Engineer: 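Okay, handing you the structure first.
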Amino acid sequence: MLLTGILANSQNYHAQADTLMATKQYEQAALLYEKAFFFATNYHQKGKALYGKIQAQKNTRQYSAIWKRLLTISDENFVKNTTDSLYFEGALAALLANEPYQALLFIEAVAPNINDSVFFIKTKWLHLLILNELRQWEAAAEQLQKLEQYLPTTDNNEQALYSNQPHLLDAYKARQWARFVPGAGQMYAHAIGEGMVALMLQLGAVGWIVFEMSQTAFITAYFGGVPLFQKFYTGSIRRSAELVRRYNTTQSNAYNRHLQQKLNKIVNDQLNHFYNKNK
Amino acid sequence: MTVLATSAIAQQPNYHFFNYLIDIQDYRSLQIETENILKTTTSDSLLFYHAQSIDFQYGIHQASQYYALISNRFEKYDSLSLQVVHRLLETDSVHQARAYLQTISVSNALLPLYHLEQSAVNLLIKNTESELSAADIQAYNQLLDSLYQNLQTQKLRLHPTKSVFWAGLFSAIIPGSGKAYAGKPHQGLTNLLMCASLAAISTENYLKRGTKDPRTISFGGLFALFYTGNIYGSAFAAQTHNEEKKYETAQKIRNNLKLAFDGYFGK
């Protein structure tokens, strides 16, 4: 019994898990870290074990498993620094799992008054990436201002980063344009050629109806021309909204890629600056 | 010595830890842990937790082979076995459910459920492979009456199958009538109106512009296409109708089983 008590303890499992991590047996390591967490007698051990498990799961790209696991720790009384590190990892995992709203909840749960400058910069960097992903660029610009006080070599480039935000289109406006001017919805969504084709098709259908009526072929005009026009008209409205959605996605993704490259460079430069200073 | 002792302790199942892993929904770790222990020792409880870890991750279809390894000495064996069959039936794994049902035995208290499952499995297989007869349906309804009078079970009804041939023929005579025969009167009416419109346009063009006019040819062609398409569509609708009725019957059988399970084990 005594032997069991001594050996089945958190530190023992933690040590075994570390060995497995070194030999790249990440799933087994994750299990042993979880065991270390389960048998831990204090929150220091628990925090270390959970952090180890996250690193193991990151290696097997189980990002959803990481953030879902971290949702269960709200009742734990970890010390502030541990909670912050875990929430940071949760935000990163949620972002990588393509859950930016969840990532935002995690990053906003990280305490605002962080003493560690490097961790503060990393947290703000992740916060910016999440806000960019959510297209909340105004909020991101505010966060960047908070970060700038920690960037001693700041030039004015950072402030200009959010100055040329893409102009996103409104799907409602596109539908309204398409409703009242045939083809204008597509043109509003920057698809000029498609808009012209839609305009020609709808005018053609109306022209055909008029022509058939002038020939007193009323049945052909009503049962042939009207349904054809209706299809082109309603299809054009739906298509306008879809084109706006695609346009917005393309513009946002391109802008976010540009922002990410710039932010990565800024943050890496500053982190290198800190490390070199402390050498 | 220490290494040996450590590894011996590591191989002991800790059921509190298993339950904890289920609580935090880390089923992958539970699977690895139970697999590790099963390499050196086995027990029904251990197999149960292993099957659960597979069940939560991959579903009952994959997990049933592990549930099948649990012996009848396990505390919850008969209720667990019946639940496995029930869930296999819910996921439409009927043949797997039948094979599983043949290997289990249950206590007297659970015999009504066992009989209902047996009857459900047989009916579902027959419903998939051929047609249920009036005698099959009567026998099943009688079983429901004798076992579960107090539950609001759904009685099965005999659905006459719709003939694909007749549906096609009806539509050839009056467009859309085949669809109405196949249980889709609204679609039948729409098809009738479409056919009538195209016929009217073709006739108008023929009368005003003659046979050789491209508009007469185009609309005549469209009418012919729509007319023949409608015949094919009606035959297809009859086939779909038969499949829908089979599905409806299968759903009733599954729902009755679910009601019986909820009544016995609670929701």
Side-chain angles (χ1 to χ4, degrees), chain A residues 1-9 11-13 15-17 19-20 25-40 50 53 56-57 60 62 64-73 75-76 208 211-228, chain B residues 1-37 39 53 56-57 190 193-210 213-216 218-220 222-223 226:
Chain A
M1 278 296 283
L2 184 64
L3 191 66
T4 310
I6 292 165
L7 293 172
N9 67 34
Q11 283 170 331
N12 198 6
Y13 288 124
Q16 287 181 38
T19 311
L20 289 170
Q25 296 179 60
Y26 300 118
E27 285 201 318
Q28 296 277 358
L31 167 65
L32 285 173
Y33 281 126
E34 193 60 76
K35 265 189 178 177
F37 180 89
F38 182 72
F39 288 106
L50 197 52
K53 186 184 179 186
Q57 286 184 318
T60 50
Q62 295 182 55
S64 294
I66 293 172
W67 72 258
K68 282 177 187 166
R69 174 69 183 92
L70 289 173
L71 284 181
T72 65
I73 64 161
D75 296 337
E76 309 281 4
W208 187 45
F211 173 74
E212 292 294 348
M213 286 174 90
S214 70
Q215 301 279 305
T216 66
F218 296 112
I219 297 175
T220 309
Y222 187 74
F223 289 108
V226 172
L228 195 69
Chain B
M1 176 69 181
T2 311
V3 172
L4 280 175
T6 312
S7 107
I9 287 155
Q11 299 307 325
Q12 291 299 311
N14 183 325
Y15 295 111
H16 292 300
F17 181 58
F18 292 174
N19 287 330
Y20 162 77
L21 287 176
I22 290 174
D23 281 347
I24 61 164
Q25 300 183 3
D26 190 351
Y27 308 122
R28 179 73 187 136
S29 291
L30 180 61
Q31 186 192 347
I32 296 171
E33 174 74 345
T34 47
E35 264 170 12
N36 286 344
I37 302 171
K39 283 175 192 162
S53 72
F56 285 126
Q57 289 179 89
T190 312
L193 288 174
M194 283 294 285
C195 270
S197 304
L198 284 169
I201 296 172
S202 305
T203 312
E204 187 184 55
N205 278 282
Y206 167 68
L207 292 173
K208 286 190 184 295
R209 290 156 181 159
D213 188 88
R215 280 161 289 188
T216 311
S218 307
F219 284 114
L222 261 180
F223 169 73
F226 205 83

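Remember, it's a predicted structure, so these values are computed and weren't measured experimentally. Each chain gets a letter, A, B and so on, in the order the sequences are listed, and its residues count up from 1.
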Engineer: Would you mind checking which part of B/Asp23 comes under 4.5 Å of any heavy atom in chain A, side chain (CB onward), backbone (N, CA, C, O), both or neither?
Structural biologist: neither
Engineer: Measure A/Ala217 against the heavy atoms of chain B and call it side chain, backbone, both or neither at under 4.5 Å.
Structural biologist: both
Engineer: Pair B/Leu21, B/Tyr27 - check side-chain contact (heavy atoms from CB on, under 4.5 Å), show working.
Structural biologist: CA-CA 7 Å; B/Leu21 287 176; B/Tyr27 308 122; over 6 Å; no
Engineer: Is it the backbone or the side chain of A/Phe37 that comes under 4.5 Å from a heavy atom of chain B, or both, or neither?
Structural biologist: side chain
Engineer: Under 4.5 Å between any side-chain heavy atoms of A/Phe38 and B/His16, yes or no?
Structural biologist: yes
Engineer: How long is the gap from CG on B/Asn14 to CG on B/Asn19, to the nearest 0.5 Å?
Structural biologist: 9.5 Å
Engineer: B/Tyr20 vs B/Phe17 aromatic rings, parallel, tilted or perpendicular, using cut-offs 30° and 60°?
Structural biologist: parallel
